[in-house]
Structures are given as C-alpha cells and as structure tokens.
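Heavy-atom basis, side chains included; hydrogens, waters and symmetry copies ignored. Please read these numbers as outputs of a predicted model, since none were measured by experiment.
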4 protein chains.
Amino acid sequence: MCRWLAYSGSPIRLEELLVKRDRSLIDQSLHARQGATTTNGDGFGVGWYDEGGEPRLYRSTHPAWNDRNLRELAAGISSPLFFAHIRASTGTAIQETNTHPFRHGRWLWMHNGLIRGFARMRRELLHAVDDSLFTSIEGTTDSELMFYLALTFGLESDPVAAVEKMVGLVEETGQAHGVDAPLQMTVATTDGQSIWAFRYSSEGASRSLYFSTRMDTLKALHPDLEELGAFSDETRVIVSEPLGDLRGAWNEAPESHVGIVQSGADEIRPFTPTAEALSR
Amino acid sequence: MCRWLAYSGSPIRLEELLVKRDRSLIDQSLHARQGATTTNGDGFGVGWYDEGGEPRLYRSTHPAWNDRNLRELAAGISSPLFFAHIRASTGTAIQETNTHPFRHGRWLWMHNGLIRGFARMRRELLHAVDDSLFTSIEGTTDSELMFYLALTFGLESDPVAAVEKMVGLVEETGQAHGVDAPLQMTVATTDGQSIWAFRYSSEGASRSLYFSTRMDTLKALHPDLEELGAFSDETRVIVSEPLGDLRGAWNEAPESHVGIVQSGADEIRPFTPTAEALSR
Amino acid sequence: MCRWLAYSGSPIRLEELLVKRDRSLIDQSLHARQGATTTNGDGFGVGWYDEGGEPRLYRSTHPAWNDRNLRELAAGISSPLFFAHIRASTGTAIQETNTHPFRHGRWLWMHNGLIRGFARMRRELLHAVDDSLFTSIEGTTDSELMFYLALTFGLESDPVAAVEKMVGLVEETGQAHGVDAPLQMTVATTDGQSIWAFRYSSEGASRSLYFSTRMDTLKALHPDLEELGAFSDETRVIVSEPLGDLRGAWNEAPESHVGIVQSGADEIRPFTPTAEALSR
Amino acid sequence: MCRWLAYSGSPIRLEELLVKRDRSLIDQSLHARQGATTTNGDGFGVGWYDEGGEPRLYRSTHPAWNDRNLRELAAGISSPLFFAHIRASTGTAIQETNTHPFRHGRWLWMHNGLIRGFARMRRELLHAVDDSLFTSIEGTTDSELMFYLALTFGLESDPVAAVEKMVGLVEETGQAHGVDAPLQMTVATTDGQSIWAFRYSSEGASRSLYFSTRMDTLKALHPDLEELGAFSDETRVIVSEPLGDLRGAWNEAPESHVGIVQSGADEIRPFTPTAEALSR
C-alpha cells in the first residue's frame with residue numbers, strides 16, 4: 001500500500017504540500033491514517049515538470065521522512081504540476097526502478113493498490129505489452145506493468161479508454177487464473193497538461209481518493225485563511241488521504257470514476273473496464 | 001527512540017531472534033508496542049562475536065524490515081553472543097556511523113534513550129573524552145559519546161563504575177545547563193564474555209527493559225515447547241520489549257538497576273550515578 | 001565489464017582473497033588491470049555456503065572499495081566455497097537485484113561479459129525461460145537471464161550441456177537479429193559442491209580467466225612461502241585476473257573451454273554451444 | 001583527493017557542465033586526469049542557489065557516474081551560481097555529512113586536498129571553532145572543519161582574511177605536531193553573490209586549479225563556436241581540471257593566490273596565511 005499526491009495549479013514549491021502541511025505526504029510516510037498500512041517507508045518518488053515543461057524524477061529507496069535531499073529539493077524546486085508517491089511494498093524489491101512515479105516520454109504514472117495473484121499473471125501481462133514499449137520496462141512491479149499496458153492500449157491518445165482496456169485485461173487475466181477480485185487501484189497519470197485520476201477496484205471497495213475543492217469556493221468558505229492566497233483559482237490537488245483537516249477542502253471521489261483536471265472545466269466520469277481487451 | 005536485543009548462550013543463528021519470532025526485532029522495526037515511537041526505521045545494526053571470538057558489525061541506514069542482506073546474514077551467521085539494534089533517530093543524521101552497536105576494541109555498546117539538551121552539552125561532554133579515545137569517535141550521536149565517556153572512565157576494567165561515572169557526568173553537565181532530567185537510557189555493553197545491561201533515567205521513569213527467565217525454569221514451565229530445546233540452560237536474552245507472549249518468559253528490570261549476564265550466577269544490582277565525575 | 005572470483009577448498013575467511021592480497025578483489029574494484037574497464041564500482045556481491053551448507057548472499061550497490069560491511073563480513077565469515085563479484089554496469093540499473101552472484105535453490109551464478117544487442121533480444125530470451133522459473137527473475141540483466149535459461153535447459157542435472165544450450169540459444173537469437181558476435185562471457189556456477197567455470201565468446205576472443213595451480217605443486221615451487229600453508233591441497237581459485245604475482249600460481253584457461261573443480265580430479269573440457277536449442 | 005567545479009553567470013541548467021561536456025565532472029568521477037587519484041567515486045554533492053536566492057544541496061554517497069537522480073536534477077534545475085564536487089575519500093567515512101559542498105547560512109564551501117596528520121590535530125582544531133558554530137558541524141572531515149574555522153575567523157565579513165587565518169592556524173597546529181607540510185588545498189566558497197577560490201599548499205606545490213577565460217575574449221577567439229552563445233559575458237567557471245580541450249579557455253591559477261569572481265571586475269590576489277591565528 002502506498003500514498004500519493006498530484007498537484008496542478010500555479011507554480012508552487014513542492015515543500016508546500018510534501019513537507020509543510022500538517023499531515024503532509026512526509027508525515028504520511030510515518031503515520032498514514034487511512035491506508036492499509038500505517039508506515040510507507042519503502043522508498044518514495046517525486047515527478048515534476050520543470051520550467052521547460054520536461055518531466056523530471058527524483059526517486060529513492062530511503063524512507064521519505066528521513067531523506068534530507070527530498071527536503072532540499074522540495075524547498076528548491078517550484079512546479080505547476082507534480083506527482084509525489086510514498087511506497088509500502090507489497091512484496092517486490094525495494095529499488096529505484098520499482099519506485100513511482102514511472103515515466104515514459106512526457107507521461108507520468110503512479111499507483112496505490114495491487115494486482116492480486118500478480119506473480120502468477122505477470123508473464124501473461126508482460127506478453128501483452130507492445131514490442132516497442134517492452135524494453136522500457138525497468139522494474140518488476142505490478143504498477144509499472146499497468147502503465148505499460150495502458151500505453152500499449154493508447155494512453156497517449158485516449159487515456160480513459162486505455163486505462164479501461166488495461167483494467168479489463170487485468171481482470172480477465174485474473175479471472176482466468178481463478179483470482180476473485182484481481183485489481184485494487186487508485187491511479188494518477190499526466191501528460192504535463194491534464195491529470196487523470198482513477199478510483200476503481202474489482203470488488204467495488206476501492207482505496208480512498210480525494211479531490212480538493214475548487215479554490216475559489218474554498219477561499220469564499222475561509223476568507224480569513226491567508227495561506228489559501230498562495231494558490232491560484234484553478235489549483236487542484238488529488239490525494240490518497242486529505243492533507244490537514246480544513247472544513248470543506250476535500251471531496252471523496254466516487255467508486256469506479258475518473259476525475260480529469262484540465263484547462264477549462266474539470267470533469268468526473270464513470271469508469272468501466274473494457275472486456276474485449278484480450279481479443280484485440 | 002529505538003529497540004534493542006542482546007543474546008548470550010549456546011550459538012544460534014541470528015535469525016532465531018531477529019526474524020523468526022512473532023514480534024521479532026524486525027517486526028518491531030515496523031510496529032513496536034512499548035516504544036516512544038512505533039516505527040524504528042532509521043537504520044539498524046547487528047554486532048556479533050565470530051568463531052574466533054572477534055566482534056563484527058553489520059550496520060545499515062535502511063529500515064530493518066526491508067533489508068534483504070540482514071535476512072541473509074541472520075540466516076547464515078551463528079554466534080554465542082550478539083547485539084542487535086533498530087534505530088529511530090532523535091535528530092542526528094541517518095548514517096552508518098550513527099548506528100548502534102558501536103565498537104571499540106573488543107567492546108560493543110548500544111543505547112535506547114537520549115541525552116536531553118544534547119546539542120548544547122555536546123562540546124563539554126566531548127571535552128571529557130580521553131585524548132587517546134577521541135579520534136575513534138566517528139559519528140555525532142549522544143549514544144556513541146556516552147560509550148566513549150564510559151571508556152574514558154574505565155569501562156574495560158570496571159564497567160558498572162564507569163557507567164555510573166558517565167551518567168554522573170551527563171547529569172551534572174545537564175544540570176549546569178538547566179536541563180531538568182538530562183538522561184534517559186537503557187544500555188547494553190559487552191566484552192564478548194559478559195553483558196551488562198543498565199536501566200536508568202534521571203526522572204526515575206526509564207524506558208522498558210526485560211530479561212528472559214532462566215532457561216531451565218522456563219523449560220519446566222513449558223515442558224511441551226520443543227523450540228525451547230534449542231536453547232542451552234545458561235541462555236539469556238535482554239530486550240527493550242518482549243519477543244512473543246510466552247507466559248513466564250520475561251521479567252521487567254527494576255528502575256535504576258544493572259543486570260550482569262556472566263559465567264556463573266547472573267546478578268542484578270542497584271545502579272547509582274557517581275556525582276564526582278567532573279572533579280576527577 | 002566486471003571481475004569475479006570463485007574459491008573452493010578448506011574453509012577460509014573470505015577476507016583472505018577479497019581484502020588481504022595484493023591485487024585482491026577489492027583492489028580490482030578500483031584498479032583492474034586486465035578488464036575492459038579499470039573501475040568496477042557499480043556494486044558487488046558475495047555468495048557463500050554457510051556451516052549448514054546453505055548458500056547466502058550479501059549484495060550491495062556501493063563500490064566494494066568503500067563498503068565497510070563487506071570488510072566486516074569478509075573478516076567474520078569462513079566458508080569452504082564462495083563466489084565474489086564486482087560490477088561495472090553495461091547499462092542496466094544499479095540495484096541489488098542486478099548484482100551477482102544470482103541464486104536459485106542451491107545454485108549460484110556469476111558472469112563477466114555481455115550479450116550484445118541485449119535490449120532487442122531480451123523479450124525473446126525471456127520467452128524461452130520455463131514458466132516455473134520465470135517468476136524468480138528479479139532483475140533486468142543479461143547475466144541473470146542467462147542463468148535462468150541455463151536452469152531451463154537443465155543446469156541442475158547436466159551443467160555443461162545446459163550452458164551449451166543456453167549459449168546456442170543466445171547466439172541463434174543474436175544472429176536472427178543481425179548481431180555479429182552476440183556473446184562474450186566468463187561464467188562460474190556452483191551447486192555448493194563443484195564449480196563449473198566457462199570461458200567463451202562468439203568471436204573467439206574471450207575475457208580473461210585463470211585457474212590457480214594445484215596447491216601441492218605450488219607449495220613445492222615455493223617451499224618458503226608460509227602463507228600457502230593455510231590452503232589445503234585441494235584448494236582451487238578461479239579468477240578474472242590473477243591475485244598477486246606469484247610465479248607459477250595462475251594458468252590461463254583456454255578459449256572455449258570449461259573447467260570443473262570437483263571432488264576427485266578436476267577437469268578441463270572443450271565447450272561447444274549447442275545449435276538446436278531453439279527447436280527443443 | 002577530489003575534483004570540483006564552481007559556476008557563476010547567466011542561469012544555465014546544471015547538466016551543461018556536470019554531464020554534457022567532454023570531460024564533464026561526471027566523466028571525471030570515473031577518469032580524472034590531473035588528480036592524485038583517477039577515480040572519484042566516494043560520493044558527490046551539488047549546491048545551487050534557487051530562484052529565490054536560497055542555497056540548496058543534493059548530496060549522495062553513490063558514485064556520481066551511476067546516480068540517476070543527479071542526471072535528472074542536473075537537467076531539471078537552472079541556476080546562476082552553483083558548486084559541484086566529486087569525492088575520493090582520504091579515509092573518513094562515506095556518508096552524506098562528509099560530502100561537499102558544506103553549507104552554513106547563505107554560504108557554501110568545498111575543498112580538494114587534505115590536512116596531513118588530521119587525526120592527531122582534529123581535537124585541537126575543533127577546540128578553536130566558535131561555540132555558536134560548533135553544534136552545526138555534522139561530519140568528520142578536515143574539509144568541513146576548515147569551513148567552520150574560517151567561519152570562526154570571520155568568513156562572512158572578510159573571506160580572504162578569514163581563510164588566511166584558518167590556514168595559519170592549521171599550519172601552526174601541524175608544525176606543533178611535527179607535520180612537515182600540513183595543508184594541501186584548493187577551496188571555493190561563496191555567499192551566493194561572489195566566489196572566492198583559493199589555491200594553496202604548505203609545500204608550495206598545490207593541486208591544480210583553473211579559471212575560465214573571460215567569455216567575451218573566448219567568443220572572439222572562437223567566433224564559430226555556437227555553444228559559447230549560451231554563456232553571458234560575465235560567466236566564469238572555476239575547476240580542478242579543465243572541462244574539454246578548448247584552446248584558450250582555461251588559465252591555471254598561480255600558486256598561493258585567491259581569485260575572486262564578483263560583480264564588477266574579477267580579481268586575483270596573493271594569498272598569505274596569517275601566523276598569529278592562535279593568539280587571537
């Protein structure tokens with residue numbers, strides 16, 4: 001189990017969300033409240049778009065709470081769009097290549113959850129990855145493989161459809177292996193412009209996911225809170241569990257939905273796995 | 001806050017106590033029950049006497065629970081006397097030289113607790129370390145400095161008196177700096193033959209410490225427990241918190257006492273800091 | 001490019017070969033003489049059989065020359081059969097799961113060299129690994145994959161034939177991809193009793209490999225050398241490049257041969273890749 | 001022995017000097033040409049001033065050549081003033097707190113060289129550090145201690161005089177201990193505006209140090225070199241050994257001098273240790 005956070009808005013120093021808040025992501029690495037595990041100490045990663053718009057990664061196998069470099073970078077780097085992830089391994093090795101976010105081209109991907117029975121299904125799922133993508137797989141996690149399956153299914157042109165196909169494939173494969181509820185996931189992915197955040201599980205009881213309230217609404221609700229002034233109106237934060245306890249700030253994502261943070265109005269849509277993935 | 005374990009008895013594989021037990025030390029690195037912190041993920045260390053009787057160390061900055069090498073070594077190495085320690089930093093850097101056990105010559109030392117106001121007192125305490133020992137100090141913890149002060153005060157010839165002087169000095173120095181209760185400690189030290197385990201705090205409310213019951217008594221209490229057969233009668237384990245829930249197995253050390261595990265009858269004695277340390 | 005060492009004989013402390021010699025393996029991590037690279041600083045690994053005969057691993061991503069734990073373990077552990085390897089990555093990630101020796105069941109495996117064009121061939125080669133072995137692959141190196149192919153081809157029952165088939169498959173696959181000389185290797189593998197050491201390359205110009213001279217011969221040659229007394233007559237060391245400059249101590253392995261260190265007389269045999277591997 | 005680089009000029013991505021050049025600093029971590037050691041694999045550090053003008057650090061114990069995070073950060077971070085350092089330990093532990101650059105307040109400091117006989121002199125030198133600074137010392141190197149001595153002697157108000165006093169003290173102390181040539185150093189320090197770069201050794205045979213030629217001169221010399229266009233005229237680079245072989249680009253610093261890169265005309269001045277440091 002893991003915790004993650006995605007930010008889109010006016011450029012802010014990463015530390016504003018990773019370090020400074022009560023119940024910041026670094027706090028959650030030691031003491032998560034809503035997770036399947038309370039400690040997320042098996043490494044962490046940060047992915048951000050730099051001033052040239054390029055995605056960059058800082059990933060480490062150390063616990064987030066005691067990594068000094070993370071605090072330095074979070075203080076020294078500003079970005080209009082970044083992902084951060086703290087890991088609690090479900091069994092695969094503790095190494096940077098197994099640490100989220102994963103990157104391919106301009107895309108980032110991170111995941112909380114697991115594929116049940118993954119060891120048995122891994123070979124079949126690997127087999128479904130497109131040849132041109134296969135050599136880019138560096139680690140051994142279910143999460144990275146889900147990313148490459150989604151890329152295979154067209155993530156870069158139609159993200160929602162691609163993830164629906166990926167989930168469809170995982171569920172079909174799992175069922176073929178006799179796994180009851182093969183997939184548990186909250187996933188965030190981005191091309192550097194928009195963010196797609198998915199909440200889904202085969203059993204219909206998914207890991208928690210929250211979207212922050214529109215910043216203008218929140219400012220109207222808390223006119224005295226000066227710290228909100230730092231955030232532009234289009235700011236949106238998506239998290240595994242709320243940062244802090246601010247009234248009205250966080251909205252739980254509904255089961256089996258995908259939220260899209262984009263220029264123009266954000267959206268939330270039902271998410272339905274596609275069954276025919278295997279027959280493509 | 002930290003957790004530690006000391007073993008003396010017939011040679012056993014380290015994994016018997018570090019890995020295999022319910023509530024083993026590796027379990028405690030993720031979920032300690034009696035500690036000031038529940039997570040002890042800021043590194044760990046193991047010190048053991050090898051077949052030639054030499055003390056060896058394996059220390060790492062990774063969390064004990066996800067370090068594969070620790071499991072390999074704990075399975076591959078047997079020893080009649082070993083120390084193990086999992087660390088939760090109270091502020092000093094996460095680096096091997098700050099990781100217990102510390103070693104000097106044939107002696108090992110490990111500590112759970114802290115010197116309050118240490119940053120202010122560090123210089124004075126360093127000043128009291130003997131010239132010939134000073135260059136051996138490699139890290140920046142209070143724990144290592146306590147070891148070198150004890151060595152300065154004669155640890156190698158009279159361990160109890162030396163620790164009493166060390167504690168006396170720390171308390172005097174703390175009081176001179178206006179610190180109310182300068183010291184909180186459970187400490188274990190060994191020369192490879194005997195183990196001295198101290199439970200003391202300036203405020204008289206020390207961190208927990210337990211000695212295992214005499215193995216012959218325990219075997220009589222649980223005649224059906226085959227696993228006890230692996231331990232010789234003179235086996236003794238000293239721990240920050242009990243491994244497992246075996247009835248009658250663990251005895252809390254009294255406040256302000258030192259237990260001595262040695263050939264012949266073990267001892268437990270009152271522990272009284274020596275006030276005149278500064279005037280030596 | 002890498003350097004490695006395999007030892008079989010009376011139990012000795014690992015440090016005798018890893019640390020203490022002039023041109024020890026640790027020296028070679030900083031300054032190899034015969035390698036394709038002079039620095040082998042991308043991690044290292046040691047595999048040894050413990051007193052119960054079980055294979056154990058210590059692997060790290062740090063350079064061997066500055067890893068204190070390696071020196072401690074090499075001083076504290078004795079074994080009658082051990083492997084050691086220092087790595088210079090040819091491109092794959094620096095992580096423990098990419099560090100030699102690799103282990104499966106009772107077997108260890110280590111490699112110096114590379115599969116040329118590996119990125120293109122990896123998927124096909126993975127595909128040839130037996131289903132029951134596939135999930136045990138943890139890393140992304142050519143070396144580990146060669147091990148699992150050899151296991152697939154029967155390493156545990158006929159090591160030489162299995163490696164001949166593995167090499168045959170790699171060469172066929174490489175040729176199908178238009179790679180001129182697909183394989184360069186010196187490989188050592190062991191079941192804890194015997195050691196098989198292979199020297200082979202598609203181009204017939206293999207990386208260096210040396211076998212130590214029979215210890216009785218060497219003692220006769222250097223009657224004054226007391227340090228040789230520590231080694232039993234059946235001691236054999238196999239290395240990428242000689243440790244030290246002792247006259248008569250090292251014999252270069254011939255091209256396309258495999259040496260077998262075993263109870264009874266050691267052997268050296270021609271090595272011929274098997275072409276029909278693909279059609280099995 | 002180590003290698004370092006200091007940059008001041010128009011903001012550039014760090015990778016321009018750390019990664020992309022022929023003979024970049026990362027190249028030098030594997031293969032330095034002019035150093036006392038050819039491999040500088042005992043960790044590295046980068047210090048830069050961020051867009052708010054604050055100094056930030058990224059330091060690691062891994063070799064620079066295989067650290068992926070370093071390449072990511074060097075690509076993602078731009079700065080008008082940065083330091084970078086690759087380490088070859090002269091004996092002290094491999095840990096982040098022993099890795100350059102060191103930081104205090106707004107100041108950065110890095111060093112190539114050593115204090116001979118440091119183990120014997122360390123205690124006395126530590127004793128000379130101002131009380132208010134002492135608790136900020138985190139590591140155990142001679143280099144960091146030189147920094148804190150310079151701070152004690154007024155680095156922040158008169159850097160040249162402070163370093164002259166620091167060197168004076170080190171030499172006096174060394175001579176008192178019978179050390180012939182106590183100090184070997186090239187040092188760079190900065191407050192985020194100017195850079196002071198010192199070349200000095202007790203024996204008058206100092207480690208190499210080069211200043212880049214004025215950029216307008218260099219552009220006039222190489223009118224065809226488009227890549228020079230990326231650098232503003234006031235750009236200055238100071239290095240342990242030249243990056244690349246560009247004719248006219250590098251000027252060796254004279255023995256016992258300090259160069260000052262500042263707004264307005266840069267300066268180069270003789271450097272003379274101050275003898276009366278001890279009597280302050």
C/Arg123 side chain to A/His127 main-chain N or O, any donor-acceptor pair under 3.5 Å? yes
Considering only heavy atoms, which portion of C/Ile137 lies under 4.5 Å from any heavy atom of chain A: side chain, backbone, both, or neither? backbone
Most heavy-atom pairs under 4.5 angstrom with chain C, which of A/Thr92, A/Thr61, A/Asp131? A/Asp131
4.5 Å side-chain heavy-atom contact, A/Leu126 and C/Phe134: yes
Mind checking the OG1-CD spacing from A/Thr140 to C/Gln95? Nearest 0.5 Å is all I need. 7.5 Å
What residues of residues 183-191 of chain C sit under 4.5 Å from chain A when only non-hydrogen atoms are counted? none
Neighbourhood of chain C inside residues 96-106 of chain A, taking heavy atoms under 4.5 Å as contact: A/Thr97
